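Here's the structure, in structure tokens; my notes come after.
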Amino acid sequence: MTTIDTFEQSLADLPAAVDRVSSDGFDEALEQCLERPAVGVSLPFRDLSLTDHPVETDPSPSALSDARTGVTPVGPAVAEYGSVVIPSGVDGAEQVSLYPDIHVGVLAASDIVDSLAEAVGELSEGIADGLTSAVFATGPSGTADMGSVVYGAHGPESVRVIVLEDR
Amino acid sequence: MSEDSRRTADRISELLRTEGEQVQANVTPFNEGRYRRYAEMDDTEAYRSEARRIKEDAIERLPELIEQVRETVESNGGSVYLAEDAADANEYLREVARGNDAGTAVKSKSMTTEEIDVNEHLERAGVDTYETDLAEFVLQIADESPSHIAAPAIHKSRSEIADLFERHFDLDEPLRTAEELTAFASDYLEERIAEADIGLTGANFVTADTGTIALVTNEGNARKCAVTPETHVAVAGVEKLLPSLADLPPFLNLIGPAGAGQDITAYLSLLTPPVDTPAIDFDDPDAPGFGGPGDREFHLVLLDNGRTEMREDDELRETLYCVRCGACANTCANFQQVGGHAFGGETYSGGIATGWEAGVHGMDSAAEFNDLCTGCSRCVEACPVKIDIPWINTVVRDRLNRGADASTFDHLVEGLSPDDESAGLDLGKRLFGNFERLAAWGSRTAPLSNAVADSTPVRIALERVAGVDRRRDLPRFRRETFRDWFHQRDAAAPDDTERTVALYPDVYTNYVDVERGKAAVRTLEALGVDVTVPDACGSGRAPLSQGMIETATEQAKAVYESLGPVIESGRDIVVIEPSDLAMFRGEYDRLLPETAAERVAENSYEVMEYVYGLLENGADADDLAGPNADETPSEAARDGVAYHSHCQQRTLGLEAQTVAVLEAVGYDVITSDVECCGMAGSFGYKTEYYDLSVAVGADLRDQFTSPGADGRLLLASGTSCADQMNSLFERRSAHPVQIISPEVDRIADRRR
């Protein structure tokens with residue numbers, strides 16, 4: 001199994017979907033999974049942008065609260081768990097990935113590593129360089145506190161990872 | 001029964017009735033999930049060893065790490081406050097609240113803030129404080145304390161929560177499903193988070209080199225609490241410090257599996273505050289960019305509250321390695337029945353709680369529940385940082401014994417118990433701890449001793465004075481001991497023996513359960529082994545289980561005096577009673593000099609393990625009895641056996657060998673999967689724990705009376721397991737070696 005297969009497999013039992021697309025297919029993939037209203041933070045991938053989509057990239061507090069979907073770049077990702085790292089800075093990716101019901105993470109396939117230890121290794125360079133918030137997210141938020149497992153406790157109820165296979 | 005015992009018994013019965021079922025339903029999947037995931041991961045043991053090593057190093061270097069994290073967090077732009085105790089921490093938190101002109105605070109789950117009652121103190125300072133973890137939220141509304149350190153509301157059912165919400169929020173329409181309850185609570189709490197001035201979190205780990213706090217969560221509330229208000233305060237015990245960010249992976253790989261049997265939790269946050277992520281100004285709802293970032297403020301409150309003393313205490317230090325996952329609670333048979341409201345102190349619950357409570361709240365709090373640890377040791381392999389939790393419980397029990405006052409009944413047992421313990425030791429403990437002396441006397445005077453022990457006045461007195469429950473059958477002492485039998489029998493050693501063993505005559509085999517000793521001798525001899533029975537005393541297990549460490553140490557020394565020369569002469573030591581083998585391989589390391597302990601550990605074997613080794617090395621299983629032999633100790637065994645291994649034997653990894661030997665001689669074997677039979681040495685004999693012991697045993701009874709198991713011969717490796725099974729079932733149980741022994745002693749098919 002390739003690393004990306006493993007990554008996809010790891011999320012199979014969770015309310016989480018993985019879309020494997022080339023950069024050319026990104027716009028279509030995003031369009032299909034976007035439920036409105038949507039908020040997002042800008043993507044660091046060359047030639048890919050949220051500006052052609054109905055996504056508010058500098059949202060107000062109320063826009064954030066009302067959003068159905070939040071789009072952020074994610075990476076690195078951990079194949080063995082299906083985790084994606086949400087790095088956050090002044091762009092507010094932390095809240096954009098957390099407050100809406102659906103989180104769409106955009107991930108470069110080359111950013112998927114095998115193990116959590118490798119991902120922490122990569123992040124430690126970033127943290128040394130001033131990355132102040134990095135959250136490993138594996139599937140949606142969940143709780144079993146109310147008698148059975150419920151997804152969408154305080155965070156998203158489902159997640160979607162768009163994997164850019166050529167990046 | 002004393003007043004204290006009666007109160008304990010009543011409280012346990014009450015919780016068995018009111019919370020036990022819910023607790024068990026909730027922790028069982030956690031426990032099963034841990035087994036699944038620990039087995040599934042290739043590197044479980046490597047992670048555990050590494051996590052252990054890192055924690056040992058971190059606690060060793062703690063003062064240095066505190067200084068380092070102060071520098072890193074301050075240079076990151078945050079503040080660090082080292083709080084000496086609860087009052088100090090709360091005073092600082094009040095100052096932070098005052099400085100922020102705070103009216104409300106939102107909190108994510110943190111046992112450390114429970115330890116110092118932060119909510120109460122903030123409320124008193126005029127700050128409305130809301131728990132946002134859904135379980136903690138439920139408890140806050142219900143005004144109850146956590147029943148589990150990682151899943152605090154496991155004692156509450158969905159319908160109880162629904163009723164609670166309906167009453168508290170005066171709802172027109174009652175909420176029914178878990179989805180409705182969750183949605184209601186998270187909507188309500190989202191508003192509280194939006195208006196909060198301060199976000200309070202704990203920290204699972206804090207890395208000294210970067211000032212990063214790691215939060216391990218599932219709901220997402222901790223993420224919201226940390227980044228939504230401008231001010232974030234993290235409260236963490238000083239023991240949460242790790243030297244480096246690079247130390248995190250083994251813990252992050254283990255904590256989900258260990259805690260709730262999850263491969264990984266939904267979120268692992270690595271925050272290096274103050275974070276760049278802007279706060280959200282919900283008072284300015286339409287401004288772009290979350291309403292302007294404002295000024296981030298971050299405070300790390302590191303709590304000592306007794307931890308420095310714990311660090312200096314050679315026996316309690318290990319407690320500080322605890323990552324608060326709850327695995328020791330989930331795997332504990334007693335905890336599964338009653339939860340943390342019985343098996344817990346002021347704040348903490350489960351096996352490790354004894355160490356925490358003794359360290360942070362004091363011995364009185366630890367004394368409340370310390371006896372609920374039976375030393376079964378199932379938590380030892382569950383703990384992700386390999387803490388010897390039973391030992392911590394033993395040490396605390398020993399200290400409690402020594403602190404106790406002498407009572408008026410002491411003279412009654414002094415003749416039977418010339419031990420090294422303090423005069424105030426509980427009489428029941430003294431009686432069980434000195435069981436060997438009692439057994440020797442009982443054997444000398446049998447059958448009179450048995451008749452006397454069975455008489456009603458004696459049982460009433462035993463119950464009143466020593467807390468021995470009169471509903472239990474007492475051991476029947478044998479006039480002819482195992483050692484007597486062995487030395488008086490007329491048997492020649494096998495010819496051409498390649499192996500020589502000394503069969504350890506444990507107290508029960510020697511005085512009570514002589515048949516299993518005979519069967520062990522015959523089995524070993526049938527496989528060509530030369531057997532002797534050394535003149536060795538009890539291993540010290542009985543006194544140790546009562547917290548009588550000094551007496552146990554004296555016995556360990558005496559055992560070594562007997563066994564040392566035997567080992568020197570080339571004999572292997574073979575042990576029938578698993579709890580004694582667990583002493584030889586485990587606790588002796590703490591009671592004897594290193595070389596002595598090593599020598600005993602390396603040369604001792606459980607009897608079925610030894611037989612397994614012989615068969616693996618060419619001995620012939622046909623020399624043993626099996627279901628197809630002309631004579632069988634039990635007709636029931638021909639249809640198969642139902643085997644309950646012993647808890648400590650399973651922790652030693654020795655269940656499989658017994659099963660393999662039984663299968664090798666042709667038995668069809670099924671095994672139990674309960675953690676413990678509930679008897680656990682003397683535990684189930686004690687009046688205040690009788691109900692609990694029977695409740696634990698019910699799971700085993702259900703398993704072995706289910707279709708496919710019912711009717712099989714019952715087997716148990718441990719004496720007390722056999723005692724418990726004899727009271728749980730109509731059928732009588734035997735030791736596995738009794739049904740492979742070539743010379744057959746019949747096992748009674750019925751109990752009486």
Side-chain angles (χ1 to χ4, degrees), chain A residues 10 13-14 56-65 78 80-83 85-86 88-99 115-121 123-124 127-128 130-156, chain B residues 26 76 132-135 138 151 153 157-159 161 177-179 181-183 185-186 189-190 194 210 212 218-221 223-224 227-228 245-246 248-250 252-253 260 263-278 280-282 284-291 293:
Chain A
S10 300
D13 293 335
L14 291 170
E56 194 165 341
T57 50
D58 199 15
S60 64
S62 61
L64 180 71
S65 291
V78 182
E80 64 173 331
Y81 296 120
S83 314
V85 172
I86 304 158
S88 179
V90 289
D91 56 9
E94 173 67 345
Q95 290 100 330
V96 169
S97 65
L98 181 61
Y99 274 82
S115 70
L116 188 130
E118 286 171 71
V120 171
L123 286 174
S124 58
I127 290 170
L131 174 65
T132 58
S133 175
V135 176
F136 288 83
T138 310
S141 88
T143 184
D145 288 346
M146 298 292 165
S148 60
V149 175
V150 177
Y151 292 107
H154 288 277
Chain B
N26 279 323
N76 291 342
T132 62
D133 173 83
L134 295 183
V138 167
S157 68
R158 185 177 62 209
S159 63
I161 296 169
T177 64
E179 285 77 11
L181 291 164
T182 301
S186 60
L189 290 168
E190 187 166 323
T210 58
T212 301
N218 280 305
E219 293 181 359
N221 60 309
R223 293 175 64 190
K224 282 185 171 168
V227 298
T228 305
L245 192 72
L248 284 173
L252 301 183
N253 282 313
D263 293 4
I264 191 165
T265 58
Y267 302 124
L268 301 171
S269 300
L270 304 183
L271 304 178
T272 310
V275 294
D276 291 337
T277 305
I280 312 175
D281 185 2
F282 282 100
D284 194 1
D286 298 318
F290 298 166

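Predicted model, so just to flag it, every value in this text is computed and none were measured. Convention: sequence-line order gives letters A, B, ...; per-chain numbering from 1.
When Leu245(B), Ile161(B), Asn253(B), Asp263(B) are compared by the number of non-hydrogen pairs under 4.5 Å with chain A, Asn253(B) comes out ahead. With chain A as partner, the option from Leu268(B), Thr265(B), Thr132(B), Leu271(B) having the largest number of non-hydrogen pairs under 4.5 angstrom is Leu268(B). Your options are Gly89(A), Gly155(A), Ala117(A), and the one with the most heavy-atom pairs under 4.5 Å with chain B is Gly89(A). Among the candidates Ile264(B), Leu248(B), Thr228(B), Leu181(B), the residue making the largest number of heavy-atom pairs closer than 4.5 Å to chain A is Ile264(B). Comparing Val120(A), Thr132(A), Asp58(A) by how many heavy-atom pairs each has under 4.5 Å with chain B, the most go to Thr132(A). Note on Ser133(A), Ala128(A), Ser124(A), Gly147(A): by heavy-atom pairs under 4.5 Å with chain B, the leading option is Ser133(A).
Using a 4.5 Å cut-off between heavy atoms, Asn26(B) does not touch chain A at all. Neither the backbone nor the side chain of Pro250(B) has a heavy atom closer than 4.5 Å to any heavy atom of chain A. Contact of Ser115(A) with chain B is not made at all, since no heavy-atom distance falls under 4.5 Å. Contact of Leu131(A) with chain B is made through the backbone alone, with heavy-atom distances under 4.5 Å. The contact between Thr210(B) and chain A is made entirely by side chain atoms (from C-beta outward), counting heavy-atom distances below 4.5 Å. Neither the backbone nor the side chain of Ala194(B) has a heavy atom closer than 4.5 Å to any heavy atom of chain A.
One side chain, Thr212(B) or Thr272(B), offers a donor N or O that lies under 3.5 Å from an acceptor on the other. Side chains of Arg223(B) and Ser97(A): a donor on one and an acceptor on the other come within 3.5 Å.
In this view, Glu190(B) and Lys224(B) satisfy the salt bridge (charged side-chain N to carboxylate O under 4.0 Å, His left out) rule, not counting sequence neighbours. A search for side-chain contact (heavy atoms from CB on, under 4.5 Å) contacts involving Asp133(B) returns Asp145(A), Lys109(B), Ala135(B), Glu136(B), Pro152(B), Glu219(B), Asn221(B), not counting sequence neighbours.
Closest approach of Glu179(B) and Val149(A) over heavy atoms only: OE2-O, 4.4 Å. Annotation for Leu116(A) and Glu80(A): closest pair N-OE2, 3.2 Å, computed over non-hydrogen atoms. Of all heavy-atom pairs spanning Pro61(A) and Asp281(B), the tightest one is CG-O, 3.4 Å. Taking each heavy atom of Thr277(B) and Ser88(A) in turn, the nearest pair found is OG1-OG, 2.7 Å.
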